[in-house]
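As a basis for the values below, the full set of heavy atoms in this structure was taken, side chains included, without hydrogen atoms, waters or symmetry mates. First the proteins, then the strands, lettered A, B, ... as listed; each starts at 1. Keep in mind it's a predicted model, so treat the numbers as computed, not measured.
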Amino acid sequence: MQYDFRNIEKKWQKFWKESGIYNVSIDSSKKKFYVLDMFPYPSGAGLHVGHPLGYIASDIYSRYKRHKGFNVLHPQGYDSFGLPAEQYAIQTGQHPQKTTEENINRYREQLDRMGFSFDWSRELRTSEKNYYKWTQWMFTLLFDSWYDKKLKKARSIQDLKEGFLKKGSDYVIGYDREFANNEWVDFNDHEKEDILQEFRIAYISETDVNWCPKLGTVLANDEVIDGLSQRGGYEVVRKKMRQWSIRISEYSERLLSGLEIIDWPDPLKEIQRNWIGKSKGAMIKFSVENSEDSIEVFSTRPDTIFGATFITLAPEHDLVSKITTSNQENDVNNYIEISSKKSERDRISNVKTISGCFTGSYAIHPFTGNKMPIWISDYVIATYGTGAVMAVPCGDQRDFLFSKHFDLPIKNIFKDISIEDSAYESKENFLIDNSEFLNNLNFNEAFELSCEKLNEIASGNKTINFKLRDAVFSRQRFWGEPIPIYYVNDLPKAIEIESLPLELPYVKNYLPTENGDPPLGNADKWAWDVKNKKVVSNKLINNKTIFRLELNTMPGWAGSSWYFNRYMDPNNEESFASKESLEYWREVDIYLGGSEHATGHLLYSRFWQMFLFDLGLVPTEIYAKKLINQGMILGDSALVNRQIETGEYISAELTENHRVQKLNVDVSIVNSNNELNIDQFKSWQPEFKNAEFIMNKVFKVEREVQKMSKSKFNVVNPDDICDNYGADTLRLYEMFLGPIEQSKPWNTNGISGVYNFLNKVWRLFFNDNELVISESDPDKESLKALHGTIKKINEDIESFSFNTCVSALMILVNKLNEIKCHSRTVLEDLIVLLSPFAPHISEELWNVLGHDNSIADEEYPVHNPKYLIETEKKYPVSVNGKLKYQIVLPLGISQEKVENILKNDQSVIEIINDREIKKIIFVPNKIINIVC
RNA sequence: GCUCGGGUGGUGGAAUUGGUAGACACGUUGGACUUAAAAUCCAAUGAGCAGUAAUGUUCGUGCGGGUUCAAGUCCCGCCCCGAGUACCA
């Protein structure tokens, strides 16, 4: 008899739901363990087989940790604000709330079928007002805080105001404006706010942003890929806009050094390091001839300063208009206009073409006093460094090409190195020449000395520069958290906590308004009544108590930057989480998710936690100790070839000499031999109804691995697998597919293997319908097999190597079947071993053996080394062409035993390694090596 | 271009981190059960050579070198694939 997974799985899912056995609470008698999945965005397409990969892994780990006696927090929720729901709303007029809700229900249904042990009592949704109340509150904290460079932490803006009152601008370091304390007192509100805005962590400013006209909103740097929007792939252009930003750049150093102490995958850390982009160099000031102004440049090569022959500014640089001479004005304006029209994408694709324009002005070299022409060119990026570079053609290939192109002077400062054909960019193997006091120095010496000298003449200093930009925080969108700010005479004011949440208003439609305002501009009732602390009609706006509200909403990453803290205490009305719960659960122990969030969510959330930590609101600066990136499951797409001229469909092996176009077809109408079911194809979509085919016997399709997506018809729904094989099989199979971090195409070729395995497990307990369990003591052989497996599985689960766990279980079950072991003690341990992977069948069998499933988890079996000692194995080995033997002793052998062997064997010649002994290799009459 | 990963049977993938390469599974082939098929079970399965056979033997982890008694694993030089990033001064 086969095991009846349909009824078994339904039965236990119902039991888990009704008994709520996976709901946890604070229990100081137990050690806590927090396992978290990146919460999903509930899209309309539902889950496909790729989504659960990480959830299955985290579920296995959670169940395992529970067996180990930990109090495991394993929650799930939804990142439910976002663009797709809003796009759908624009098309259909339905409120995003409604579609989001529908999608969530569908997600929940699918998740429930897979037997996850989530604590659903802690479910959260970022779009719920009891959640976004706290997101908004945290925004007001960001607004009311500044970053103290001296203490290297965020502090209340109140402290800054008091500091200015006492010491003026001396209170802070690294600020380019100077004012005394009495001047501060005399500043008016606007002047004060202008200064404060340069310190607030959430601040408003006129910035260059990535504007996506198609989406009608700005995008953060990480949301733009290759000059196109991440969502939708639309063109992105640069535009100046008044925007909220988050001063994440202040945390660059901490975000970078924090990587050292977290156990995250190296590739992911590397991505974050590159994104933060720390570089050591110098700030160098060049005065401009016949002008008060000076140009500051950042250079990583101050050692090459004597090789600098001209200056290049970004076209957007502030000084350009000031220093351009009248006879160059036309050319310069022309150039600026052309380059501003270029989209990000054009700029990237035109990397190789050299363009630029002379401004007519000259800078003065700080040491030689030479005149250096000032040019503008769009190879200089306005947002990196100072938006200006000193061009050293002999040491930088771009400067070199630029000089050649515009016939600018090139000065070689490298001794005995030819720069005929290209610049010498290496920092090694050279001595400096033609550089006064830097002559005959190497890179390091020249670097230090040049910085010193620059400092002496007050023309520069050593600095560290970061690539990380402040994050744009405004979105011209409806379906996001409203920014809780109102404007009094254009001065932003935060809404205080008692009045939050600031709920999304009713709008007639979700598109921008006629005068280009964000969708919230469509709301009639969107003004803040300060006196009564509530939202009122726009018509009531006056300049005393009722003010206009911010129209932008927050980006998607706002809500996801702190949700892991909310799970600790999700229903708290008084605070985002109680002190007690924060102290108990502290941080995530294992975080599972994809590496595609490396420069988005995973960076922002680290920042956000650091900020909360600075304010003393959370107990740890690091919110996730260990992170595992699960790979993506890709779709194995099927494509039919259509002949372009005739429109006939050609079987894949016959396409030679035909001009064809490939069309994705539904993978469910293609069998595993790549043969298309023609009848199903014809009825699949109306356009194929009268399709003509060119083929021999069968019609073959082509296969291609693509990202799983609805539009490619390669989506496999986990429900189908659950229907046909059961959730346990799906869980085991997804784990069996390969290492968790690896991306792999989905195929069901091997699924019968794990399905058979579960049947074999079942048959260990049942002969037909009869339970066959022996109560007598187990034999040595089965104990040996069992304890070996226990050891392996414990180790492999800890290292997230679930595919080898499944193999180990298969080997064990094959073995037990072979030796016909029906011993209760062995089988009980087997059930517990199996239960994290296949919880349904395990619960059933546990119950079959007469246990009460409603009591706490059975402890995970502990291996007994006694059964692991294997007999010594003798292997032939060739040493210098002579046949000798090596004896390999098993793992865990005692020191005494080894010493005994050594004593009894006279022929030992050397022991190469004397660390913990695991294996010994013998050659006849001589031990030649001990391998550890 | 730069920075990370990675190349192992027909396929997905193991290999105790330097110690019998190919575990486990799929697939294939043969067999058992069956009137038959499905399902299930058993056996074989890296390639070559010799042998009726047990077995023996050679070659085998992208390519070429090296270290070592011993290399998929370590070192040097190439080739290919994937990911990230990109005019970053």
What nucleic acid atoms does [X] come within less than 4.0 Å of, heavy atoms only: base, sugar-phosphate, or nothing?
{"X": "A/Asn756", "result": "sugar-phosphate"}
{"X": "A/Asn465", "result": "nothing"}
{"X": "A/Lys760", "result": "sugar-phosphate"}
{"X": "A/Gln742", "result": "sugar-phosphate"}

Can you check the distance between [N] and [M], where both ends of the measurement are the [atom1] atom (answer in whole Å)?
{"N": "B/rC24", "M": "B/rG77", "atom1": "C1'", "result": "37 Å"}
{"N": "B/rC69", "M": "B/rG56", "atom1": "C1'", "result": "24 Å"}
{"N": "B/rU68", "M": "B/rG13", "atom1": "C1'", "result": "29 Å"}
{"N": "B/rG19", "M": "B/rC74", "atom1": "C1'", "result": "14 Å"}
{"N": "B/rC26", "M": "B/rU40", "atom1": "P", "result": "10 Å"}
{"N": "B/rA25", "M": "B/rC76", "atom1": "C1'", "result": "38 Å"}
{"N": "B/rU67", "M": "B/rG72", "atom1": "P", "result": "16 Å"}
{"N": "B/rC42", "M": "B/rC4", "atom1": "C1'", "result": "48 Å"}

Sort by first number and list every stem of RNA chain B: at least 3 consecutive Watson-Crick or G-U wobble pairs, both distances under 3.5 Å.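 For RNA chain B the paired stretches long enough to count as stems (3 pairs minimum) are B:1-7 with B:79-85, B:10-12 with B:24-26, B:27-32 with B:40-45, B:46-50 with B:55-59, B:62-66 with B:74-78.
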Which comes earlier along RNA chain B counting from the 5' end, the contact point of A/Val754 or that of A/Asp396, where each point is its nearest nucleotide?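 Nearest nucleotide further toward 5': that of A/Val754.
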Find which nucleotide of RNA chain B each of A/Ser595 and A/Asn747 is nearest to by heavy atoms, and output the residue with the more 5' nucleotide.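 The residue mapped nearer the 5' terminus is A/Asn747.
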Please report the distance, rounded to the nearest Å, between [atom1] in [X] and [atom2] in [N].
{"X": "A/Glu741", "N": "B/rG13", "atom1": "CD", "atom2": "P", "value": "12 Å"}
{"X": "A/Asp796", "N": "B/rA23", "atom1": "CG", "atom2": "P", "value": "17 Å"}
{"X": "A/Met735", "N": "B/rC24", "atom1": "CE", "atom2": "P", "value": "21 Å"}
{"X": "A/Ile381", "N": "B/rA89", "atom1": "CD1", "atom2": "P", "value": "10 Å"}
{"X": "A/Leu737", "N": "B/rU11", "atom1": "CG", "atom2": "P", "value": "16 Å"}
{"X": "A/Phe736", "N": "B/rA25", "atom1": "CZ", "atom2": "C1'", "value": "4 Å"}
{"X": "A/Glu818", "N": "B/rA43", "atom1": "CD", "atom2": "C1'", "value": "13 Å"}
{"X": "A/Ile793", "N": "B/rU16", "atom1": "CD1", "atom2": "C1'", "value": "16 Å"}

Pair A/Glu270 + A/Arg273: basic N to acidic O under 4.0 Å: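 Looking at A/Glu270 and A/Arg273, the cut-off is met.
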Do A/Glu260 and A/Lys269 sit within salt-bridge range, that is, some charged N less than 4.0 Å from a carboxylate O?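 No.
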Assign the ring pair A/Tyr3 / A/Trp762 to parallel, tilted or perpendicular, where the plane angle (0 to 90°) is split at 30° and 60°.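 Tilted.
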Give the minimum heavy-atom separation between [X] and [Y], together with the two atoms involved.
{"X": "A/Ile248", "Y": "A/Tyr604", "result": "CD1-CD2, 3.9 Å"}
{"X": "A/Ile311", "Y": "A/Met372", "result": "CD1-CE, 4.0 Å"}
{"X": "A/Met708", "Y": "A/Val49", "result": "CE-CG2, 3.6 Å"}

Nearest to the side chain of [X], which nucleotide is it out of [options]?
{"X": "A/Ser752", "options": "B/rG27, B/rG13, B/rC24", "result": "B/rG27"}
{"X": "A/Lys744", "options": "B/rC24, B/rC87, B/rG13", "result": "B/rG13"}
{"X": "A/Ile811", "options": "B/rC24, B/rC41, B/rG13", "result": "B/rC24"}
{"X": "A/Trp275", "options": "B/rA86, B/rA89, B/rC87", "result": "B/rA86"}

Just do the side-chain contact (heavy atoms from CB on, under 4.5 Å) check on A/Asp636 and A/Val667 with the steps written out, would you? CA-CA 8 Å; A/Asp636 195 8; A/Val667 288; 5.7 Å; no
Spacing of CG belonging to A/Asn747 relative to OH belonging to A/Tyr733, to within rounding of 0.5 Å: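 A/Asn747 CG to A/Tyr733 OH: 4.0 Å, rounded to 0.5 Å.
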When syn is taken as a glycosidic angle within 90 degrees of 0, is B/rU17 syn or anti?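 Chi for B/rU17 falls in the syn range.
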Apply the syn/anti split at 90° from 0 to B/rG46 and say which one it is.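 Here B/rG46 takes the anti form, which means its glycosidic angle is more than 90° from 0.
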Does [X] have a side-chain nitrogen or oxygen under 4.0 Å from the phosphate oxygens OP1 or OP2 of [N]?
{"X": "A/Asn803", "N": "B/rA14", "result": "yes"}
{"X": "A/Asn814", "N": "B/rA25", "result": "yes"}
{"X": "A/Arg763", "N": "B/rC41", "result": "yes"}

With 3.5 Å as the limit, what N/O pairs link the protein to nucleotides 1-10 of chain B?
unit_1 : atom_1 : unit_2   : atom_2 : d
B/rU3  : O2'    : A/Glu270 : OE2    : 3.4

Can you sort out the partners of A/Phe765 under ring pair (Phe, Tyr, Trp, His ring centres under 6.0 Å), two or more places apart, ordered by chain and number?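 With sequence neighbours excluded, A/Phe765 shows a ring pair (Phe, Tyr, Trp, His ring centres under 6.0 Å) to no residue whatsoever.
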Among residues two or more places apart or on two chains, list those pairs meeting salt bridge (Lys or Arg N to Asp or Glu O under 4.0 Å) that have a residue in residues 460-469 of chain A.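 Found A/Glu448-A/Lys462.
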Sequence-distant partners of A/Lys404, salt bridge (charged side-chain N to carboxylate O under 4.0 Å, His left out), two or more places apart: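 By the salt bridge (charged side-chain N to carboxylate O under 4.0 Å, His left out) rule, A/Lys404 matches no residue at all.
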Distance-only donor-acceptor hits, side chain of residues 735-745 of chain A, under 3.5 Å, sequence neighbours excluded:
unit_1   : atom_1 : unit_2   : atom_2 : d
A/Ser743 : OG     : A/Met632 : N      : 3.0
A/Lys744 : NZ     : A/Pro739 : O      : 2.7
A/Lys744 : NZ     : A/Gln742 : O      : 3.1

